[in-house]
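Written out below as structure tokens is the structure these notes cover.
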Amino acid sequence: MSITDSYRFVPYTIKGSVVAASDQRPLEKVYVSAVMGEEEALTDKNGNFELHTWQHLPITVQVVHADFVSEKVVLTDVSEKQVFRLRKK
């Protein structure tokens, strides 16, 4: 790892959406957070979120909603939009 890798001055932006696995319906008010940090976001009425983090890749993201089974996902590439599909409890 070089000095420039150690001192990132621009955060990663993780963009994505959360949908119900059963019918692909967008899920509102889903809590999306970086496990090893304080970065967090809530999905909007269309299930979309944007999370900014200073952490280095890979980043573990937790996706939580009271009515659905929570997920932890390890992201190694954040250049593409992420889609999380949650199963009903």
Side-chain angles (χ1 to χ4, degrees):
M1 181 182 298
S2 71
I3 296 276
T4 54
D5 290 335
S6 300
Y7 297 100
R8 292 189 67 241
F9 295 105
V10 178
Y12 286 113
T13 299
I14 303 168
K15 294 181 181 182
S17 62
V18 182
V19 298
S22 60
D23 58 6
Q24 305 304 306
R25 174 179 45 94
L27 297 177
E28 183 178 10
K29 297 182 181 174
V30 177
Y31 179 72
V32 181
S33 65
V35 172
M36 296 294 292
E38 299 177 6
E39 302 90 358
E40 57 189 34
L42 278 178
T43 58
D44 63 17
K45 67 180 180 176
N46 298 313
N48 296 314
F49 70 90
E50 195 168 294
L51 180 69
H52 304 282
T53 181
W54 292 91
Q55 294 182 46
H56 293 280
L57 294 175
I59 299 169
T60 303
V61 174
Q62 184 167 356
V63 185
V64 178
H65 188 284
D67 298 332
F68 292 83
V69 177
S70 299
E71 283 193 7
K72 282 187 184 177
V73 180
V74 177
L75 303 176
T76 57
D77 180 6
V78 296
S79 62
E80 301 288 325
K81 181 179 177 183
Q82 306 297 313
V83 179
F84 301 112
R85 292 170 180 81
L86 297 184
R87 293 177 291 116
K88 192 85 168 155
K89 284 185 178 177

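Computed from a predicted structure; not experimentally measured. Heavy atoms only: backbone and side chains are in, while hydrogens, waters and symmetry mates are out.
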From [X] atom [atom1] to [Y] atom [atom2], the distance as rounded to the nearest 0.5 Å:
X   : Y   : atom1 : atom2 : answer
K81 : N48 : NZ    : CG    : 4.5 Å
T53 : E38 : OG1   : CD    : 10.5 Å
R25 : R85 : CZ    : CZ    : 14.5 Å
E28 : L42 : CD    : CG    : 9.5 Å
I14 : I59 : CD1   : CD1   : 4.5 Å

What's the shortest heavy-atom distance between [X] and [Y], and which atoms?
X   : Y   : answer
H65 : V30 : CD2-CG2, 3.7 Å
L51 : E39 : CD1-C, 3.6 Å
P26 : V19 : CA-CG1, 4.1 Å

Answer yes or no: are there more than 12 heavy-atom neighbours, outside K89 itself, under 6.0 Å from its atom NZ?
->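 Correct, the count exceeds 12.
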Verify side-chain contact (heavy atoms from CB on, under 4.5 Å) between T13 and E50, making sure each step is shown before the conclusion.
-> CA-CA 7 Å; T13 299; E50 195 168 294; 3.6 Å; yes
Are V61 and V64 connected in a single hydrophobic cluster, I mean Ile/Leu/Val/Met/Phe/Trp/Tyr linked by side-chain heavy atoms less than 4.5 Å apart?
-> no
Same cluster (ILVMFWY, side-chain, under 4.5 Å), F84 and Y12 =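 The answer is yes; both residues are in one hydrophobic cluster.
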Could you walk me through whether V18 and F49 pass the side-chain contact (heavy atoms from CB on, under 4.5 Å) test, one step at a time?
-> CA-CA 8 Å; V18 182; F49 70 90; 4.3 Å; yes
May I ask you to decide if [Y]'s main-chain N or O and [X]'s side chain share a donor-acceptor pair within less than 3.5 Å?
X   : Y   : answer
D77 : S79 : yes
Q82 : E80 : yes
Q55 : M36 : yes

